[in-house]
**Student:** 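Below is the structure I would like to discuss, written out as structure tokens.
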Amino acid sequence: MATLIAPTSFSPGADAEALRKAFQGWGTDEKTVIAILGHRNVYQRQQIRKSYEEIYQEDLIKRLESELSGDFERAVYRWMLEHADRDAVLANVAIKSGSKGYHVIVEIACVLSPEEVLAVRRAYHNRYKRSLEEDIATNTTGHLRQLLVGLVTSFRYGGDEINAKLAKSEADILHESVKEKKGNHEEAIRILTTRSKTQLMATFNCYRDDHGTSITKKLLDNASDDFHKALHTAIRCLNDHNKYYEKVLRNAIKRVGTDEDAITRVVVSRAEKDMKHIKEVYYKRNSVHLEDALAKEISGDYKKFILTLLGKKD
Amino acid sequence: MAFNQELEAITQAFSGHGVDEKSLVTILGKWDPQERESFRKNTPHSFIEDHERHFQRCDDHYVRLLKHEFVRFKNAVVLWTMHPWERDARLVKEALKKGPSAYGVLVEVACTRSSEELLGARKAYHSLFDHSIEEDVASHIHGIERKLLVALVSAYRYEGSKVKDDTAKSEAKILSNAIKNVHKKPINEDDEVIRILATRSKLHLQAVYKHYKEISGKNLDEDLDDLRFKETVQCLCTPQIYFSKVLNAALRIDVDKNTKKSLTRVIVTRADIDIKDIKAEYHNLYEVSLPQKVEEVARGNYKDFLLNLIARG
């Protein structure tokens with residue numbers, strides 16, 4: 001369920017005019033920017049952008065980039081892009097940041113549906129004149145490369161069929177590779193990058209039945225190399241992406257110097273999808289509402305914008 | 001027509017790709033029992049004389065052959081009327097079932113289709129077989145070919161015109177070094193070679209091909225010993241040459257069942273794409289026109305159907 005609150009009818013022309021007014025004069029009227037853009041869904045935002053271009057012969061996004069600054073600007077920029085385009089940009093940034101960015105690529109590849117991943121790959125062609133897998137492959141090596149390229153190039157079958165015998169045998173293979181850090185990584189990569197999500201859930205369930213604990217528990221996060229970290233992220237995203245996002249947010253809030261980039265990424269990507277579920281998981285886990293936890297750590301227009309996307313009523 | 005001529009005509013009707021239905025109808029249809037016995041006695045390949053019991057028995061090979069040849073036209077029609085996505089999905093499935101000797105078809109489908117066509121095939125595969133292509137390829141193929149083949153069927157290559165020439169040049173060097181060091185590290189274990197071949201756009205790879213020739217004096221596919229890698233480069237960089245070679249191997253009278261099937265496959269799958277260019281390249285390489293060769297080797301409705309498809313474009 002989405003947390004975004006958007007009206008059913010609106011006038012893109014009126015919005016474009018109001019935004020124009022907000023840009024005029026000294027400084028920017030950020031309140032108006034948030035009040036409008038923070039309450040429009042992706043189709044409405046694209047229409048406003050088109051309207052703005054028609055009336056003022058200027059790209060709204062470029063104007064926003066120059067009028068706003070800091071975390072607020074980055075959040076609004078990402079918000080204004082269409083889903084696939086945004087993820088293509090996030091992927092490109094992630095590739096350039098090396099170790100720090102691999103989990104974003106894993107997220108995009110594992111959380112989105114096969115059609116959505118495809119749309120991201122197309123958007124990537126359009127923006128960067130290369131394929132996503134090309135860029136990932138050039139910037140990684142070995143098992144990590146195999147895993148990441150395999151994840152982004154997958155086009156998983158979407159049906160409900162499950163092969164129970166296969167689930168058992170593949171659960172064992174994963175156990176070897178993931179927990180005990182030995183065993184055939186290539187097989188683990190094959191399973192995670194090609195099996196359907198339903199089959200993988202069955203495999204993870206089998207794992208839990210056979211080994212007593214969920215596959216995501218006690219995954220050795222910090223001590224491992226990039227490949228194992230990415231492997232663990234993939235399993236967590238495939239297993240339960242709302243829980244995964246809750247952890248991303250929790251970590252982003254907890255750490256010294258809040259990770260606004262992570263907060264922006266999660267909220268902007270999920271506000272129109274299943275942010276409500278993520279909020280519920282957060283509350284259950286932390287006994288405090290996400291908005292309240294965020295309100296303490298972030299500030300200014302950025303805070304107002306993020307809270308608006310999270311469904312805060314003005 | 002004298003009987004001997006009729007015999008010759010019927011023998012011809014059964015030899016080649018497909019069968020000459022017309023001759024079978026007009027000639028066979030009017031033969032009386034003695035003439036048919038004469039046919040059996042004069043065709044020792046297909047009928048075995050049982051001297052003890054005084055009759056001519058069908059040779060098993062003959063029975064199997066007839067089954068394949070009669071059905072060749074039907075298979076061509078079915079393949080032609082199928083949606084190209086389903087066609088490719090089924091070709092892949094069949095190749096996986098047949099085993100390593102057929103994996104060239106996997107390379108062909110993955111590398112000679114456009115990015116959107118390959119995508120369509122992957123979608124159709126979901127619908128037909130309840131698995132993804134990459135899933136089945138990865139779980140069926142265990143050997144050294146797996147890495148390359150999975151990567152090829154998963155590609156969604158950029159198809160625009162932008163190519164970075166210096167990157168192409170440096171990647172040609174990487175390939176050249178990899179080939180020189182093949183005794184130290186086999187080519188199918190070289191991640192860089194696989195990366196380049198499985199992710200770069202076709203235009204980029206054609207630039208790499210060109211630079212490789214400048215560096216080493218030979219064509220990239222000629223220097224690759226591994227058959228799959230050779231086919232990959234040919235399909236990506238010089239598809240019309242690749243297809244001409246496949247056709248040439250198929251357009252023979254006595255050729256194995258799988259090679260024969262490639263005649264239908266190539267013509268049906270390329271009729272709407274680049275059959276004209278393939279025709280030209282075929283003529284270039286073999287100094288005989290493709291339609292002429294088909295006329296020589298194919299029979300009946302199957303032949304007419306193929307000639308029709310070849311005449312397009």
Side-chain angles (χ1 to χ4, degrees), chain A residues 88 109 114-115 117-146 148-163 166 169-170 173 184 186-200, chain B residues 89 110 115-116 118-144 146-147 149-164 167 170-171 174 189-205:
Chain A
E115 286 291 340
V117 176
L118 218 46
V120 174
R121 291 166 83 180
R122 278 198 196 101
Y124 199 93
H125 280 188
N126 282 334
R127 237 180 212 267
Y128 302 107
K129 312 298 181 213
R130 282 186 306 279
S131 65
L132 175 57
E133 58 264 32
E134 204 170 337
D135 280 357
I136 293 176
T138 343
N139 287 286
T140 52
T141 55
H143 283 134
L144 178 65
R145 176 198 282 182
Q146 255 190 290
L148 294 181
V149 171
L151 288 176
V152 303
T153 57
S154 70
F155 188 58
R156 299 178 202 266
Y157 171 62
D160 293 326
E161 289 74 13
I162 296 176
N163 180 329
L166 201 59
S169 66
E170 294 191 339
I173 295 174
N184 200 336
E186 310 229 336
E187 279 291 279
I189 293 173
R190 169 185 70 76
I191 296 167
L192 292 175
T193 61
T194 65
R195 292 299 183 202
S196 75
K197 288 193 179 171
T198 324
Q199 179 68 27
L200 284 173
Chain B
S115 294
E116 292 298 329
L118 180 56
L119 203 52
R122 293 171 84 177
K123 291 186 189 164
Y125 199 94
H126 283 189
S127 167
L128 292 166
F129 305 115
D130 295 336
H131 287 286
S132 63
I133 279 190
E134 59 269 26
E135 194 176 348
D136 278 358
V137 171
S139 54
H140 277 73
I141 301 178
H142 299 285
I144 44 180
R146 182 205 276 190
K147 256 194 194 162
L149 292 175
V150 172
L152 291 179
V153 298
S154 311
Y156 186 54
R157 299 176 201 260
Y158 169 64
E159 292 194 309
S161 54
K162 187 145 184 263
V163 171
K164 271 218 178 114
T167 312
S170 70
E171 291 186 344
I174 293 176
E189 280 174 30
D190 194 323
D191 283 346
E192 281 295 279
V193 175
I194 296 180
R195 168 183 72 75
I196 296 170
L197 294 180
T199 67
R200 292 301 189 199
S201 77
K202 288 183 184 171
L203 265 177
H204 180 102
L205 287 171

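A note on names: the letters A, B, ... follow the listed sequences, proteins ahead of strands, and every chain is numbered from 1.
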**Student:** If you compare all heavy atoms of A:R122 against all heavy atoms of B:L119, which two are closest, and at what distance to 0.1 Å?
**Tutor:** NH2-CD2, 3.4 Å
**Student:** Write out, in numerical order, the residues from residues 135-143 of chain B with a heavy atom short of 4.5 Å from a heavy atom in chain A.
**Tutor:** B:E135, B:A138, B:S139
**Student:** Please state whether the side chain, the backbone, both or neither of B:K147 comes within less than 4.5 Å of a heavy atom of chain A.
**Tutor:** side chain
**Student:** Does A:N139 have any side-chain contact (heavy atoms from CB on, under 4.5 Å) partners at least two apart in sequence or in another chain, and if so, which?
**Tutor:** A:I95
**Student:** Go through the atoms of A:Q146 and report whether side chain, backbone, both or neither lie under 4.5 Å from a heavy atom of chain B.
**Tutor:** side chain
**Student:** Output the option from B:K162, B:H131, B:R146, B:R195 having the highest count of non-hydrogen pairs under 4.5 Å with chain A.
**Tutor:** B:R195
**Student:** Less than 4.5 Å apart, any side-chain heavy atom of A:T138 and any of B:R200?
**Tutor:** yes
**Student:** Under the rule for ring pair (Phe, Tyr, Trp, His ring centres under 6.0 Å), what residues qualify as partners of B:H126, not counting sequence neighbours?
**Tutor:** A:F155, A:Y157
**Student:** Can you name the closest pair of heavy atoms from A:T194 and B:S132 and give their distance?
**Tutor:** O-OG, 3.3 Å
**Student:** Would you check if the side chain of A:R145 reaches a backbone N or O of B:D191 as a donor-acceptor pair within less than 3.5 Å?
**Tutor:** yes
**Student:** Do the side chains of A:K129 and B:K164 get nearer than 4.5 Å, heavy atoms only?
**Tutor:** no
**Student:** In terms of the angle between their ring planes, are B:Y156 and A:H125 parallel, tilted or perpendicular, with boundaries placed at 30° and 60°?
**Tutor:** parallel
**Student:** Which answer fits A:T141, side chain, backbone, both or neither, if we ask what part of it has an atom under 4.5 Å from a heavy atom of chain B?
**Tutor:** neither
**Student:** If you look at every heavy atom in B:K123 and A:L118, which pair is closest and at what distance?
**Tutor:** CE-CD2, 4.5 Å
**Student:** Look at B:E134, B:E159, B:E192, B:R157 and state which one has the largest set of heavy-atom pairs under 4.5 Å with chain A.
**Tutor:** B:E134
**Student:** Salt bridge (charged side-chain N to carboxylate O under 4.0 Å, His left out) with A:R121: which residues, sequence neighbours excluded?
**Tutor:** A:E133
